[in-house]
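To start, the structure under review is shown below, and the notes come after it.
Numbers here simply count residues along the sequence, with the first being 1. Everything quoted here is computed from the prediction, not taken from an experiment.
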Amino acid sequence: MPIASFRLKFCAAVLLAASATLAAAQTKWPINTWVFTSFQGNGDGLHLSTSEDGRSWKDLGKVFLKPSVGSGLMRDPHILRAPDGIFRMVWTTGWKDKGIGYASSSDLVNWSRQQYLPLLEKVPGTNNAWAPETFFDEARQQYVITWSSDIDGRFKETTSSERMNNRTYFVTTKDFETFSAPQLLIDPGFDHIDTTLVRSGKRYIAVFKEGDRQKSKAWGAIRWAVADSVLGPYRLMPNPLVAGKRVEGPTLAVAGDKVRLYVDHYADARYGAFETTDWLTWTDVSEGLAVAKGQRHGTVLAVPAWLARNLESAQPSAQPVVPVPAPPAALEGYTADPAIRVFGDTYYIYPTSDKPNWQTTDFSVWSSRNLVDWKNEGKVLDVANDLRWARIEAWAPDVIERNGTYFMYFCAQGSIGVATAKSPLGPFVDALGKPLLTKGMGVQTNTIDPFPFIDDDGQAYLYFGNGKMGNVVRLKPDMVTLDGPVQTIALKEHREGAVVFKRAGKYYFMWSIDDARSPNYRVGWGTADSPLGPVTSPQDGFIVLQRNGSAVGTAHHSVVNVPGTDRWYAAYHRHALPEGGGFQRQTVLARMEFTADGAIRPMDPMRVPFKPGDLGEPIVDGRGRP
């Protein structure tokens, strides 16, 4: 999954929209809002402003974190949201400090204890450590912290009485506790500051400010260099991005082929912006750009719209917190609606493959022998090419086995189909040449989210629906023919994604509540004495999976029992980290436990089901470990 460090994935022509009409257009479920970090005065603390179009910024009117380390300043604050959902901030702590400030947060409001990172304290001749930024290096799964420093005795050929002699340096870390030795990252042959990094396709681009000659009023350009690795070597490009202007503090935003560059006109108390599609020709789009009054050198990042709304009313606490990292996703990439099954000695997950606006066209499967290590086994059904009756909106598959045949039930263009295969790995072939269930089959509901269940007596059922009521229909033994009319089941606050399983003689029903685009998407439950209901839900403990910390939109799940045991696990999706929403989701696992009287205990989406090095849940001779 691409990690957008120092860059933004702008949502559907919002941020870089040229017209005011597009900028003002709002959807019911906006994915991201853009946040600009800054300081004011000489470095009073963290200021934040928000924007829905990237042009008109609203100051949130408060200092979210006041500096307390180093020389006591907070200048040039940069925030990166990491893959674990934690916001990590670095900043300049003083004009002559040999280290930088660091703090972390889960919500941008409440921050950890501030730390002074003495990155250059042991390097003789160090005069400063300015404008640090953090980049996540996917290839090496580590963080790269960059900053500029002037170190006596280095780069003598560019020593000048008119300016300092800064270059870009870096360290790497995996945990912000231990760091590599500082090294030179970029030497373009001249003094420079304010380096920011962005990944563009397969190359890495560094943008930085060439030093000014204040006495002669020669203002350094905004320059750029490229590399094949985030750690270089970087090659200076001959054409400056912005020249002849008194600007600094470049920060970048990327949307597809379009790039926006923000620069701080530090002597004029204003910001400018430039756009390009090829990194060669830049257009000044500063007109109409309105940043927060008094804003100084900051950076832009995307955050979920719900989180940005919380910032407006939130009151920062003076007490430090300890941010909790979210569990890693079980599957790579953007996946949702996971159906987890066990066939033989192997676990399988059949998810939706997320694409913008749910316009998905195919299904894949992942396998695991222990619930810990998952392998992408590839595509098992291509709706766009394998069906005659649908081409798109391939959602929420599930697979069940009967008499050696595997039956996949799935959504496509508002109907439910069924396909068969002789292996859980497919390929699956359309069994009917038409939908099994189409919208309007006697029920007022959207015909999506099928869940197959075979009872102990051999009777098969198919549950489905999106709406106030759940739906169920019996299936004949061939699993592709309806056996009677569709029936409705009343499920408390039901929206979609019904799951049914049997434990200790009881039928357990679980389902999703709210909208998949909402951070409050959650799971409720109840029990019944029959697979047809009625279903009774508890007054207390009705919700068993819901948002916590950076894990939001936690629902549309399924469950699996480790054979021969009473150990159960849920596979569910959440909004993807570090960036995501209703169209960008990740599959995660959670341990599901029961009370002595059979109630489902609430599951914490911030709790990992397996610790590093755990053997997981292997199946041997048809049974899990004792």
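Using the six-membered ring where Trp is involved, Y569 and F610 have ring planes that are parallel, under 30° apart on the 30 and 60° scheme. Ring geometry, F179 versus F176: the interplanar angle exceeds 60°, so the pair is classed perpendicular (tilted spans 30 to 60°). The aromatic rings of W511 and H494 are tilted relative to each other, their planes meeting at an angle between 30° and 60°.
Between V303 and F87, the closest side-chain pair of non-hydrogen atoms falls below 4.5 Å. Inter-residue side-chain proximity for L577 and P83 is flagged as unmet; no heavy-atom pair is nearer than 4.5 Å. Counting heavy atoms from C-beta on, the side chains of I349 and L331 come closer than 4.5 Å. In this structure, the side chains of W358 and E393 stay at 4.5 Å or more apart for every pair of heavy atoms. Between V418 and L462 the shortest side-chain heavy-atom distance does not fall below 4.5 Å. Between Q359 and T361, every side-chain heavy-atom pair lies at or beyond the 4.5 Å cut-off. Looking at heavy atoms from C-beta onward, D345 lies in side-chain contact with R369 at the 4.5 angstrom threshold. V535 is not listed as a side-chain neighbour of Y507, based on a closest heavy-atom distance of 4.5 Å or more.
Counting all heavy atoms, side chain and backbone alike, S364 lies closest to S353 at N-OG, 4.4 Å. Annotation for V399 and F343: closest pair O-CZ, 3.7 Å, computed over non-hydrogen atoms. Across every non-hydrogen atom of P327 and V608, the tightest pair is CB-CG1, 3.6 Å. The two residues D430 and D386 have their closest heavy-atom pair at CB-O, 4.3 Å. Across P351 and T587, no two heavy atoms sit closer than the pair CB-OG1, 4.4 Å. Closest heavy-atom contact between P427 and A421: O-CB, 3.3 Å.
In this structure, T447 OG1 and I416 CD1 are separated by 6.0 Å, a value rounded to the nearest 0.5 Å. Atom-to-atom distance recorded for F428:CZ and L381:CG is 8.5 Å, nearest 0.5 angstrom. Note that the CE atom of M603 and the CD1 atom of I543 stand 10.5 Å from one another [nearest 0.5 Å]. Annotation: the span from D449 atom CG to F410 atom CZ amounts to 14.0 Å, rounded to 0.5 Å. To the nearest 0.5 angstrom, Y572 atom OH is 12.5 Å from S512 atom OG. Remark: T172 OG1 to D137 CG distance equals 8.5 Å, nearest 0.5 Å.
Listed by chain and residue number, T360, F363, V383 satisfy the side-chain contact (heavy atoms from CB on, under 4.5 Å) test with A394 (two or more places apart in sequence, or in another chain). Under the salt bridge (Lys or Arg N to Asp or Glu O under 4.0 Å) criterion, E493 pairs with R522, not counting sequence neighbours. F451 is linked by a ring-ring contact (aromatic ring centres under 6.0 Å, His included) to nothing, counting only residues two or more places apart in sequence or in another chain. For S104, the side-chain contact (heavy atoms from CB on, under 4.5 Å) partners are I86, Y102, S112, P323, not counting sequence neighbours. Taking the ring-ring contact (aromatic ring centres under 6.0 Å, His included) definition, one finds that Y461 meets it with nothing, sequence neighbours left out. Annotation: side-chain contact (heavy atoms from CB on, under 4.5 Å) contacts of K422 (sequence neighbours excluded): T405. Residues passing the ring-ring contact (aromatic ring centres under 6.0 Å, His included) test with Y508 are F501, F594, sequence neighbours excluded. Scored by the ring-ring contact (aromatic ring centres under 6.0 Å, His included) test, F36 finds W57, Y262, Y271 as partners (sequence neighbours excluded).
Both the sub-6.0 Å distance and the 45° axial angle are satisfied by K492 relative to the ring of F542.
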Working for salt bridge (Lys or Arg N to Asp or Glu O under 4.0 Å), residues E579 and R81: CA-CA 8 Å; E579 297 174 331; R81 196 179 199 195; over 6 Å; no
Intermediate values then yes/no, side-chain contact (heavy atoms from CB on, under 4.5 Å), T299 and I79: CA-CA 7 Å; T299 54; I79 297 176; 5.6 Å; no
side-chain contact (heavy atoms from CB on, under 4.5 Å) evaluation trace for L311 with L48: CA-CA 9 Å; L311 292 176; L48 299 176; 4.2 Å; yes
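Remark: aromatic rings of Y334 and F583 are distant, center separation not under 6.0 Å. Between F509 and W525, the distance separating the two ring centers is not shorter than 6.0 angstrom. Aromatic ring centres of Y143 and F135 lie farther apart than the 6.0 Å criterion allows. Taking the six-membered ring for Trp, H573 and Y521 have ring centres closer than 6.0 Å.
Side chains of T196 and T251: no donor on one and acceptor on the other come within 3.5 Å. One side chain, R140 or S229, offers a donor N or O that lies under 3.5 Å from an acceptor on the other. In the model, T33 has no side-chain atom that pairs as donor or acceptor with a side-chain atom of E52 under 3.5 Å.
With salt bridges taken as basic N to acidic carboxylate O contacts below 4.0 Å, one links D515 and R517. No salt bridge links R203 with D228; every basic N to acidic carboxylate O contact stays at or beyond 4.0 Å.
A donor-acceptor pair is defined here as one N or O able to donate and one able to accept, closer than 3.5 Å; no such pair exists between the side chain of T346 and the backbone of S368. Side-chain atoms of Q141 come within 3.5 Å of backbone N or O of E138 as a donor-acceptor pair.
Within 6.0 Å of CG in D175 there are more than 12 heavy atoms belonging to other residues, nucleotides or ligands. Within a 6.0 Å radius of CZ in R623, other residues, nucleotides and ligands contribute 12 heavy atoms or fewer.
The side chain to side chain donor-acceptor pair (under 3.5 Å) contacts involving residues 598-613 comprise N548-D604, where partners must be two or more places apart or lie in separate chains. Applying the salt bridge (charged side-chain N to carboxylate O under 4.0 Å, His left out) test to pairs two or more places apart or on separate chains, those with a residue in residues 347-363 are D354-R585. Applying the side chain to side chain donor-acceptor pair (under 3.5 Å) test to pairs two or more places apart or on separate chains, those with a residue in residues 372-385 are S367-E377, N370-D373, D382-N385.
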With a cut-off of 3.5 Å and sequence neighbours excluded, list every side-chain donor-acceptor pair involving residues 558-566.
unit_1 : atom_1 : unit_2 : atom_2 : d
S558   : OG     : P338   : O      : 2.7
S558   : OG     : I340   : N      : 2.8
N561   : ND2    : T565   : O      : 3.0
N561   : ND2    : R567   : O      : 3.1
T565   : OG1    : V562   : O      : 2.8
T565   : OG1    : R567   : N      : 3.0
D566   : OD1    : R503   : NE     : 3.0
D566   : OD1    : W568   : NE1    : 2.9
D566   : OD2    : R503   : NH2    : 2.8

